[in-house]
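Structure record follows, encoded as structure tokens.
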Amino acid sequence: MEKQAHELYEYARRRIRQKKVLYFHFVFFIIGSLFMFVANDLLEYGLPAQWYKWGITIWLFIFIFHFIKVYLLDRFMNKNWEREQIDRLVEKQKNRLRQLESKTEADFEKNNL
């Protein structure tokens, strides 16, 4: 039971770290977006192009991908999912081996008679 409790603790710790990094990314995105806006519009860096819109848009898509990874993909495709998939494939292989063994035994008995 102690191993299972340790695994649960490690999973919770990893999830908290992922969420913490995501929140940091969000704050950094807000500050960086403001900086790009101030640099381009107020300080007139890089005019006449309004490049900050492209920078913020690209960064927003990266943040959305990060959000999807943390809240959707990692929630469903975690270690439990991996274990279930491995167990399912192992069971499939065992069934296939049983079928081959029974077929081999039937063929052997058929040929010996």
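The CD atom of Q85 sits 9.5 Å away from atom CG of D87, with the distance rounded to the nearest 0.5 Å. Atom CZ of residue R14 and atom CD of residue E10 lie 10.0 Å apart, to the nearest 0.5 angstrom. Rounded to the nearest 0.5 angstrom, T104 OG1 and F108 CZ are separated by 11.0 Å.
I68 and Y23 fall within a single hydrophobic cluster, where Ile, Leu, Val, Met, Phe, Trp and Tyr side chains are chained together by heavy-atom contacts under 4.5 Å. Side-chain heavy atoms closer than 4.5 Å link hydrophobic residues (I, L, V, M, F, W, Y) into clusters, and following such links, even through other members, never connects L60 to F35. When hydrophobic clusters are built by joining Ile, Leu, Val, Met, Phe, Trp and Tyr residues whose side-chain heavy atoms come closer than 4.5 Å, directly or via intermediates, I64 is grouped together with L22. Hydrophobic clustering places W59 together with Y45 (ILVMFWY residues linked when any side-chain heavy atoms are closer than 4.5 Å, directly or through intermediates).
Listed for the W51 side chain is no donor-acceptor partner under 3.5 Å among the backbone atoms of M36. Of the possible polar contacts, one joining the R15 side chain to the V70 backbone as a donor-acceptor pair under 3.5 Å is found. Using modelled atom types, no side-chain atom of D41 and backbone atom of Y52 make a donor-acceptor pair closer than 3.5 Å.
In this structure, L97 and Q93 have side chains that are not in contact, with every pair of non-hydrogen atoms separated by 4.5 Å or more. Contact annotation: the side chain of K92 never approaches that of N95 to less than 4.5 Å [non-hydrogen atoms, C-beta and beyond]. F67 has its side chain out of reach of L72: every pair of non-hydrogen atoms, C-beta onward, lies at least 4.5 Å apart. Proximity of K19 to Y71: side-chain heavy atoms (C-beta onward) are separated by under 4.5 Å at one or more points. The shortest distance between side-chain heavy atoms of H66 and V21 falls below 4.5 Å. Counting heavy atoms from C-beta outward, F29 and S33 have side chains that approach closer than 4.5 Å.
Counting non-hydrogen atoms of other residues, nucleotides and ligands closer than 6.0 Å to CZ of R96 gives a total of 12 or fewer. Counting non-hydrogen atoms of other residues, nucleotides and ligands closer than 6.0 Å to CZ of F28 gives a total of 12 or fewer. R88 CZ: more than 12 foreign heavy atoms inside a 6.0 Å radius.
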Original post:
Between R98 and E91, does a salt bridge (Lys or Arg N to Asp or Glu O under 4.0 Å) hold up when you go through it step by step?
Top reply: CA-CA 10 Å; R98 280 189 224 120; E91 192 59 37; 3.6 Å; yes

**OP:** Test F26 against I30 for side-chain contact (heavy atoms from CB on, under 4.5 Å), laying out the working first.
**Re:** CA-CA 6 Å; F26 179 71; I30 296 297; 4.0 Å; yes

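In this structure, the side chain to side chain contact (heavy atoms under 4.5 Å, CB included) partners of I62, at least two apart in sequence or on a different chain, are H25, I58.
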